[in-house]
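Keep in mind it's a predicted model, so treat the numbers as computed, not measured. Residue numbering restarts at 1 for every chain, and letters A, B, ... go by the order of the sequence lines.
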Amino acid sequence: GAVVSQHPSRVICKSGTSVKIECRSLDFQATTMFWYRQFPKQSLMLMATSNEGSKATYEQGVEKDKFLINHASLTLSTLTVTSAHPEDSSFYICSANLPPTDTQYFGPGTRLTVL
Amino acid sequence: AQSVTQLDSQVPVFEEAPVELRCNYSSSVSVYLFWYVQYPNQGLQLLLKYLSGSTLVKGINGFEAEFNKSQTSFHLRKPSVHISDTAEYFCAVSDGDYKLSFGAGTTVTVRA
């Protein structure tokens with residue numbers, strides 16, 4: 001149980017285009033999902049908290065207009081990187097909170113490369 | 001927000017030897033504690049967690065961790081490692097707001 005999927009696993013795009021990443025909780029409902037960014041050889045940096053049916057909460061320094069988050073259902077959250085640039089290239093990982101505890105289950109990650 | 005310190009950035013270890021990965025956190029309130037493992041180019045997999053109760057927690061793949069409130073530590077141990085345990089290990093803490101604070105990670109390299 002507690003499986004989280006992400007799609008796509010890898011994406012390469014041109015500078016200036018937008019990319020959408022999906023995060024799904026496959027066998028449980030998640031009112032809260034999280035989006036992280038991970039640079040090579042580094043820890044995870046929380047970008048935003050995604051709440052079903054409401055606006056996402058962004059961490060300090062994360063541009064909400066650049067990283068659009070939508071949590072339209074209890075099993076799906078999406079992250080859209082708008083007008084991507086090479087510096088947005090990174091490994092993006094989502095997680096879903098399994099209630100009633102604080103246990104987060106992570107997706108396999110999406111490798112974004114912006115040319 | 002919590003502060004999590006993983007004291008060892010890299011831990012080389014021989015196969016079948018024991019390993020301990022150290023984790024300390026800063027908190028004056030009750031916390032939830034987690035250890036995750038990350039294999040190359042993959043997401044994080046939950047190894048074990050402490051929410052309440054017994055301070056010795058057993059997880060998957062033969063790992064265990066002990067919560068020590070007085071020392072604000074949550075060290076991870078395995079009595080005998082395998083080559084397949086080579087990975088990045090992250091300690092994480094939550095103080096009940098559903099957010100996790102991660103340590104910098106410890107790279108474990110198991111050699112034959």
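With hydrophobic clusters built from ILVMFWY side chains whose heavy atoms lie under 4.5 angstrom apart, A:Leu79 shares a cluster with A:Val62. By the criterion of side-chain heavy atoms lying less than 4.5 angstrom apart, applied directly or through intervening Ile, Leu, Val, Met, Phe, Trp or Tyr residues, A:Phe106 is not grouped with B:Leu47; the two fall into different hydrophobic clusters. A chain of hydrophobic side-chain contacts below 4.5 Å, direct or via other Ile, Leu, Val, Met, Phe, Trp or Tyr residues, connects A:Val114 to A:Val19. Cluster membership check: B:Leu76 shares its hydrophobic cluster with B:Val13, using side-chain heavy-atom separations under 4.5 Å among Ile, Leu, Val, Met, Phe, Trp and Tyr.
Between chain B and the options A:Val4, A:Ile93, A:Leu46, A:Leu44, heavy-atom pairs under 4.5 Å are most frequent for A:Leu44.
Looking at B:Leu44, both its backbone and its side chain come within 4.5 Å of chain A, counting heavy atoms on both sides. For a residue to count as touching a neighbouring chain, one of its non-hydrogen atoms must lie under 4.5 Å from one of that chain's; by this rule B:Leu100 touches chain A with backbone and side chain alike.
Under a 4.5 Å side-chain heavy-atom criterion applied to ILVMFWY residues, the cluster that includes A:Ile12 comprises A:Leu115 as well. In the hydrophobic clustering, A:Leu68 connects to no other residue, as no ILVMFWY side-chain heavy atoms lie under 4.5 Å from its own.
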Show me the donor-acceptor pairs within less than 3.5 Å that the side chains of residues 53-62 of chain B make with the rest of the protein, sequence neighbours left out.
unit_1	atom_1	unit_2	atom_2	d
B:Ser54	OG	B:Leu56	N	3.4
B:Ser54	OG	B:Leu56	O	3.4
B:Lys58	NZ	B:Glu64	OE1	2.8

Would you list the atom pairs in which one atom of chain B and one of chain A form a donor-acceptor pair under 3.5 Å?
unit_1	atom_1	unit_2	atom_2	d
B:Tyr36	OH	A:Gln104	O	2.6
B:Gln38	OE1	A:Gln38	NE2	3.0
B:Gln38	NE2	A:Gln38	OE1	2.9
B:Asn41	OD1	A:Arg111	NH2	3.1
B:Gly43	N	A:Pro108	O	3.1
B:Lys49	NZ	A:Thr103	OG1	3.1
B:Ser94	OG	A:Asp102	OD2	2.5
B:Tyr98	N	A:Asp102	OD2	3.2
B:Tyr98	O	A:Gln104	NE2	2.8
B:Lys99	NZ	A:Glu59	OE2	2.9
B:Gly103	O	A:Ser43	OG	2.7

